[in-house]
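Just the heavy atoms: all of them, side chains too, but no hydrogens, waters or symmetry mates, feed the values below. Positions are given from 1, in the same order as the sequence printed here.
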Amino acid sequence: MKDYTNYKQYMVMLNKPYPLIYNQETAQPAIHIGTLNIVDFTGRVEVNAYPVILPLLLDDLNYVSNPFGVISPYSLYDGGNNDTSKWMNVCLLQDTVNIEDLFPMLQDYCLLENTLFLEPSEIINALKKHGYRIKMPADRNLNIYLESDDDGVSWHSAMPHKGEFADFTHFTNMWFFAAGGGSLLVNIENMVEEAVFYDSLFLENNRQVYELPNYKFFKNPDFDGDIGYINKTFTELLNEKRKIHWVLC
């Protein structure tokens with residue numbers, strides 16, 4: 001398309017596998033199916049690129065379900081300077097998506113400022129509705145690194161700093177977030193609910209109930225904390241929850 005103000009627009013549609021992108025300003029995950037490029041020839045050549053997206057989480061006020069996508073008002077980059085973009089590339093959406101590839105997005109999404117109510121299941125279930133299968137870790141024993149806030153009130157998954165642990169300690173990038181309720185016990189109960197959701201994904205990966213994973217949580221060894229209590233209480237509560245939940249299902 002061409003107009004009379006010295007710039008041209010080019011719509012470029014992508015082929016599968018589509019990129020999964022995430023907007024760090026709006027907390028919007030989206031499937032990137034194309035790009036609108038606007039080339040400005042006034043003065044020096046500048047290019048603005050706006051993604052054509054299928055939003056994973058529809059906002060009824062702004063979006064409707066549209067199989068052809070919508071053009072985001074947020075640019076992928078401005079004049080070739082990617083630092084100005086609010087979009088983060090997460091991964092390519094193969095038919096099977098590794099849950100560990102989603103970790104950076106889930107971390108940002110679930111820690112969104114001023115709210116404690118965003119759950120990883122919202123994004124994962126949206127991907128499943130689009131036909132993607134979630135691949136879970138193959139290991140039976142999973143190590144998860146946790147960080148706490150300054151008061152030890154909330155805990156969340158994080159990437160350990162290099163050299164904090166022995167090289168043979170393999171950490172699995174799965175998201176856990178425990179906050180709210182005013183007590184560590186309530187926080188651990190929230191982590192158990194997330195684990196039960198992950199159970200359902202493991203079972204979809206053709207596992208049996210008796211093969212569900214064992215979780216062990218770690219923290220920075222230089223700081224005091226309740227990691228022993230967290231591990232003991234989490235394991236006890238999860239085992240009880242599994243006995244009830246999976247028998248009833």
Inset, instruction - Take Phe177 and Tyr109, measure what side chain to side chain contact (heavy atoms under 4.5 Å, CB included) needs, and give me the verdict at the end. - result: CA-CA 11 Å; Phe177 182 37; Tyr109 179 75; over 6 Å; no
Legend entry - Residue pair Asn190, Glu194: steps toward the side chain to side chain contact (heavy atoms under 4.5 Å, CB included) verdict: CA-CA 7 Å; Asn190 293 340; Glu194 288 175 336; over 6 Å; no
Inset, instruction - Verify side chain to side chain contact (heavy atoms under 4.5 Å, CB included) between Val39 and Asn48, making sure each step is shown before the conclusion. - result: CA-CA 7 Å; Val39 184; Asn48 283 278; over 6 Å; no
Legend entry - Test side chain to side chain contact (heavy atoms under 4.5 Å, CB included) applied to Ile38 and Tyr50, step by step: CA-CA 8 Å; Ile38 301 178; Tyr50 298 88; 3.9 Å; yes
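Considering only heavy atoms from C-beta on, Asp108 comes within 4.5 Å of Gln24 through its side chain. Side-chain atoms of Leu185 and Tyr229, non-hydrogen and from C-beta on, do get closer than 4.5 Å to each other. At least one side-chain heavy atom of Asn143 sits less than 4.5 Å from a side-chain heavy atom of Phe218. Counting heavy atoms from C-beta outward, Leu14 and Pro19 have side chains that approach closer than 4.5 Å. Between Pro137 and Pro213, every side-chain heavy-atom pair lies at or beyond the 4.5 Å cut-off. Looking at heavy atoms from C-beta onward, Phe202 lies out of side-chain contact with Val209 at the 4.5 angstrom threshold. Contact check for Met105 versus Pro29: side-chain heavy atoms found under the 4.5 Å cut-off. With a 4.5 Å cut-off on side-chain heavy atoms, Met159 and Phe171 do not count as touching.
From Lys216, atom NZ reaches atom OG1 of Thr172 across 13.0 Å, with rounding to the nearest 0.5 Å. Distance CD1/Ile21 to CG/Leu93: 10.0 Å, rounded to 0.5 Å. With rounding to the nearest 0.5 Å, the separation of CZ in Phe103 from SG in Cys91 is 14.0 Å. Note that CG of Asn125 and OG of Ser200 are 7.5 Å apart. Values are rounded to the nearest 0.5 Å. Here the CG atom belonging to Leu142 is positioned 8.5 Å from the CE atom belonging to Met136, to the nearest 0.5 angstrom. In this structure, the separation between CG on Asp226 and CG on Asn187 is 11.0 Å, given to the nearest 0.5 Å.
Shown here are the side chain to side chain contact (heavy atoms under 4.5 Å, CB included) partners of Asn98, two or more places apart in sequence or in another chain: Glu100, Asp101. Contacts of Ala126 classified as side chain to side chain contact (heavy atoms under 4.5 Å, CB included), with partners at least two apart in sequence or in another chain: Leu56, Leu57. Scanning for ring pair (Phe, Tyr, Trp, His ring centres under 6.0 Å) contacts around Tyr18 gives an empty result, with sequence neighbours left out. In this view, Tyr215 satisfies the side chain to side chain donor-acceptor pair (under 3.5 Å) rule with no residue, not counting sequence neighbours. With sequence neighbours excluded, the residues that form a salt bridge (Lys or Arg N to Asp or Glu O under 4.0 Å) with Lys232 are Glu236. Taking Thr35 as the reference, His32 meet the side chain to side chain donor-acceptor pair (under 3.5 Å) condition, with sequence neighbours excluded. Shown here are the side chain to side chain contact (heavy atoms under 4.5 Å, CB included) partners of Gln94, two or more places apart in sequence or in another chain: Pro17, Leu92. The side chain to side chain contact (heavy atoms under 4.5 Å, CB included) test applied to Asn141 returns Asn214, not counting sequence neighbours. Listed by chain and residue number, Trp175 satisfy the ring pair (Phe, Tyr, Trp, His ring centres under 6.0 Å) test with His156 (two or more places apart in sequence, or in another chain). Partners of Glu193 under the salt bridge (Lys or Arg N to Asp or Glu O under 4.0 Å) rule, at least two apart in sequence or in another chain, are Lys241. Partners of Tyr74 according to the ring pair (Phe, Tyr, Trp, His ring centres under 6.0 Å) rule, which considers only residues two or more places apart in sequence or in another chain, do not exist here.
With respect to Asp199 and Arg242, a salt bridge is recorded, a charged nitrogen being found less than 4.0 Å from a carboxylate O.
Nearest heavy atoms, Arg133 versus Asn205: NH2-CA, 3.6 Å. Taking both residues in full, the closest heavy atoms of Trp87 and Pro51 are given as NE1-CG, 3.5 Å, listed atom of the first, atom of the second, then distance. Across Tyr22 and Ala27, no two heavy atoms sit closer than the pair OH-CA, 3.3 Å. The nearest pair of heavy atoms linking Ile53 to Ala30 is CB-CB, 3.7 Å. Listed here is the closest heavy atom pair of Ser157 and Leu146: N-CD2, 3.9 Å. Heavy-atom minimum distance, Ile227 versus Trp155: CD1-CZ3, 4.4 Å.
A donor-acceptor pair is defined here as one N or O able to donate and one able to accept, closer than 3.5 Å; no such pair exists between the side chain of Asn37 and the backbone of Ala49. Remark: the backbone N or O of Thr26 is paired with a side-chain donor or acceptor of Asn23 at under 3.5 angstrom.
Hydrophobic clustering (side-chain heavy atoms under 4.5 Å, transitive across Ile, Leu, Val, Met, Phe, Trp, Tyr) groups Leu20 together with Met13.
Among pairs with a residue in residues 201-212, those fulfilling salt bridge (Lys or Arg N to Asp or Glu O under 4.0 Å) read Lys128-Glu204, at least two apart in sequence or across chains.
For Tyr145 and Phe217, the ring centers sit 6.0 Å or farther from each other.
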